[in-house]
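One structure below.
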Number of protein chains: 2
Amino acid sequence: MSLKHYRHLQEHFHSLIRNKVLEAGSKLPSEREIGEQFKLTRVTVRQALQSLEMEGMVYRQNRRGWFVSPPAVVYDPAAHLSFNIFVTEQGYTPHTEKLQQTLVAADSEVATKMNLAVGTPVLFLHRRRYIDNRPVLIEKMYINTTLLPGIEEEDLTQSLSQLLARKYQMSYRDMDLSFKATSLPEEATSALGITAGQSGLNIERINYTQDKQVLEIDYEYWRHDAVTIQIAIRD
Amino acid sequence: MSLKHYRHLQEHFHSLIRNKVLEAGSKLPSEREIGEQFKLTRVTVRQALQSLEMEGMVYRQNRRGWFVSPPAVVYDPAAHLSFNIFVTEQGYTPHTEKLQQTLVAADSEVATKMNLAVGTPVLFLHRRRYIDNRPVLIEKMYINTTLLPGIEEEDLTQSLSQLLARKYQMSYRDMDLSFKATSLPEEATSALGITAGQSGLNIERINYTQDKQVLEIDYEYWRHDAVTIQIAIRD
DNA sequence: CAGTGGTCTAGACCACCCC
DNA sequence: GGGTGGTCTAGACCACTGC
């Protein structure tokens with residue numbers, strides 16, 4: 001009863017991390033070492049580590065080891081700040097990588113949401129974003145090129161909101177947001193270097209122009225420990 | 001490589017559930033039965049079930065078994081609809097249970113957020129809420145009784161927003177919201193009949209009156225598979 | 001009391017990372 | 001090639017649920 005060795009181990013690392021004996025980003029001892037030290041099998045050690053992972057205290061890189069999670073960044077979608085800006089403001093270093101960019105024909109889901117005919121060309125953009133060199137999210141966007149002619153020739157690793165303002169005199173306003181805590185799909189875990197099926201946060205966002213046309217649809221998959229959502233509702 | 005038995009098993013149940021061979025709420029065979037059927041050990045079976053759990057496809061009741069998750073309810077905090085109303089609108093049956101109600105002295109966190117002196121009495125309310133008889137969330141609220149005299153004598157299993165409107169001619173307006181995908185604390189898992197440390201959704205909400213005073217602070221812990229957050233931002 | 005999931009042992013082999 | 005985590009076997013005992 002006072003057993004539950006994995007709880008004990010969990011509490012052990014919890015306090016080491018809380019007291020900064022183990023600093024953010026540092027590597028934990030290997031599963032086998034921990035097991036030896038505490039006279040536990042790897043199964044039990046892994047159960048403790050997985051509990052800590054669900055708490056957001058540690059994370060793993062596939063086959064590289066376990067690491068202490070940095071603090072989560074605060075993301076306020078309603079603030080209309082770019083990723084670069086809000087990450088920088090919180091004292092971290094953002095970085096964006098373009099994985100793919102192609103013109104695709106809108107499928108029925110995208111076409112319906114954008115109020116376009118199925119098959120209309122839209123710009124598909126796939127990006128990976130980092131905080132302090134740790135990949136924290138991937139996003140897949142469908143951009144309504146009809147409203148933004150020539151956007152595909154720009155540097156699309158930059159902030160889209162800044163690009164919109166500079167080149168098109170547009171800005172984000174209304175949006176529909178949806179959040180779901182669920183496991184990440186394979187495409188996301190492999191792009192983020194996470195073990196398959198880890199839990200994460202799925203955000204879906206539809207951005208509208210001032211006159212209610214759909215500018216862009218965004219699907220984001222975040223590591224769950226990397227972000228806290230914060231929104232101020234002001235009617 | 002084409003091994004990964006637990007992935008195979010996961011896909012097996014995934015398709016059974018998708019095709020409604022296993023209906024929402026129904027019980028899966030026991031871990032030992034599944035293992036026998038697929039010639040796998042319980043460890044592997046459990047790994048598959050835990051993956052399905054993270055996906056939100058199944059859930060477990062402590063030592064009772066594994067069950068197919070019902071569809072998630074959509075929760076729009078900005079719509080100012082009561083739990084009872086939005087759950088009913090989506091075709092489910094809500095139910096609320098009061099676990100505790102006491103007048104407490106505001107601690108420093110609550111006092112600061114409510115802009116009251118530490119030690120001011122506030123109403124603490126602890127409730128458990130159900131959808132179709134399944135406990136899906138617990139909430140702990142601190143209510144600013146200074147603004148709502150006599151509220152402690154009301155039936156507090158009912159909708160607070162309706163109570164506010166009827167008795168005090170007030171309604172929810174501005175609010176600060178915070179969401180975090182994390183594991184549930186012990187108090188939440190035990191109250192929800194979940195295994196310790198399961199992942200969930202943590203919502204923190206501060207409700208303001210029309211004139212910017214803090215009406216109530218709410219801490220909600222949801223089963224992660226029970227809810228999708230949806231918010232429309234309209235500037 | 002029988003059956004369930006929760007915890008744990010003591011191994012094994014493999015895929016992949018880094019040196 | 002040595003070390004890491006990822007997957008898996010074949011058992012065991014315990015705590016709790018439901019009859």
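Below, chain A is the first sequence line, B the second, and so on; all start at residue 1. All of these numbers come straight from a predicted model, not from anything done at the bench.
Between D:dT7, C:dT9, D:dA12, one nucleotide has an atom nearer to the side chain of A:R42 than all others, and that is D:dT7. Distances were taken from every side-chain heavy atom of A:Y6 (C-beta onward) to each of C:dT7, D:dT9, C:dG6; the shortest belongs to C:dT7.
A salt bridge is defined here as a Lys NZ or Arg NE, NH1 or NH2 lying under 4.0 Å from an Asp or Glu carboxylate O, and B:R134 with B:D225 meets this definition. Note on B:E97 versus B:R129: no salt bridge recorded, every NZ/NE/NH1/NH2 to OD/OE distance being 4.0 Å or above. A salt bridge links A:R205 with A:E216: at least one charged nitrogen is closer than 4.0 Å to a carboxylate oxygen. B:R42 has no carboxylate O lying under 4.0 Å from a charged side-chain N of B:E36, or vice versa, which leaves the two without a salt bridge. A:R7 and A:E11 are not joined by a salt bridge, as no carboxylate oxygen comes within less than 4.0 angstrom of a charged side-chain nitrogen.
The stretch residues 57-68 of chain B touches DNA chain D through B:R63, B:R64, each having a heavy atom under 4.0 angstrom from the strand. Of the residues in residues 31-38 of chain A, those with a non-hydrogen atom less than 4.0 angstrom from any atom of DNA chain D are A:E31, A:R32, A:E33. Within residues 186-194 of chain B, no residue is approached by DNA chain D to less than 4.0 Å at the level of any non-hydrogen atom. Within a heavy-atom distance below 4.0 Å of DNA chain C, the residues of residues 45-54 of chain A found are A:Q47.
Closest heavy-atom contact between A:L184 and A:W222: CD2-O, 3.8 Å. Scanning both residues, B:A188 and B:Y221, for their nearest heavy atoms gives CB-CB, 3.9 Å.
Checking B:S82 against B:N84 by side-chain atom types alone, no donor-acceptor pair falls below 3.5 Å.
A:R7 has its CZ atom 12 Å from the P atom of C:dG6, to the nearest Å. In this structure, the CG atom of A:L40 is 11 Å from the C1' atom of C:dT7, given to the nearest Å. Atom NZ in B:K4 sits about 17 Å away from atom P in D:dG5, given to the nearest Å. In this entry the distance linking CD of A:Q198 with C1' of D:dG5 reads 12 Å, nearest Å. The distance between atom NZ of A:K27 and atom C1' of D:dT4, rounded to the nearest whole Å, is 7 Å.
Look at B:T195 and you won't find any side-chain N or O under 4.0 angstrom from OP1 or OP2 of C:dG5. Here A:T41 does not reach the OP1 or OP2 of C:dG11: none of its side-chain N or O atoms lies under 4.0 Å away.
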Return a table of donor-acceptor pairs under 3.5 angstrom between the side chains of residues 190-202 of chain A and protein atoms on other chains or two or more places apart.
{"unit_1": "A:S190", "atom_1": "OG", "unit_2": "A:E186", "atom_2": "O", "d": "3.1"}
{"unit_1": "A:S190", "atom_1": "OG", "unit_2": "A:E187", "atom_2": "O", "d": "3.3"}

What donor-acceptor contacts under 3.5 angstrom involve side-chain atoms of residues 23-30 of chain B, with partners at least two apart or in another chain?
{"unit_1": "B:S26", "atom_1": "OG", "unit_2": "B:E23", "atom_2": "N", "d": "3.3"}
{"unit_1": "B:S26", "atom_1": "OG", "unit_2": "B:E23", "atom_2": "O", "d": "2.6"}
{"unit_1": "B:S30", "atom_1": "OG", "unit_2": "B:E33", "atom_2": "N", "d": "3.1"}

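For residues 66-84 of chain A, no pair satisfies salt bridge (charged side-chain N to carboxylate O under 4.0 Å, His left out), with sequence neighbours left out. Listed by first and then second residue, the salt bridge (charged side-chain N to carboxylate O under 4.0 Å, His left out) pairs that reach into residues 43-62 of chain B are B:E31-B:R46, B:E53-B:R60, sequence neighbours excluded.
Nucleic acid contact for B:S30: sugar-phosphate only, since backbone atoms but no base atoms lie under 4.0 Å from a heavy atom of the residue.
The terminal axes of the helix from C:dC1-D:dG18 to C:dC18-D:dG1, fitted over 5 pairs per end, subtend an angle of 10° to the nearest 10°.
Residues satisfying the side chain to side chain contact (heavy atoms under 4.5 Å, CB included) test with B:N133, not counting sequence neighbours, are none. By the ring-ring contact (aromatic ring centres under 6.0 Å, His included) test, A:F38 pairs with A:H12, sequence neighbours left out. The side chain to side chain contact (heavy atoms under 4.5 Å, CB included) search around B:T112 returns none, not counting sequence neighbours.
By the 4.5 Å heavy-atom criterion applied to side chains, B:I229 and B:P77 are counted as neighbours.
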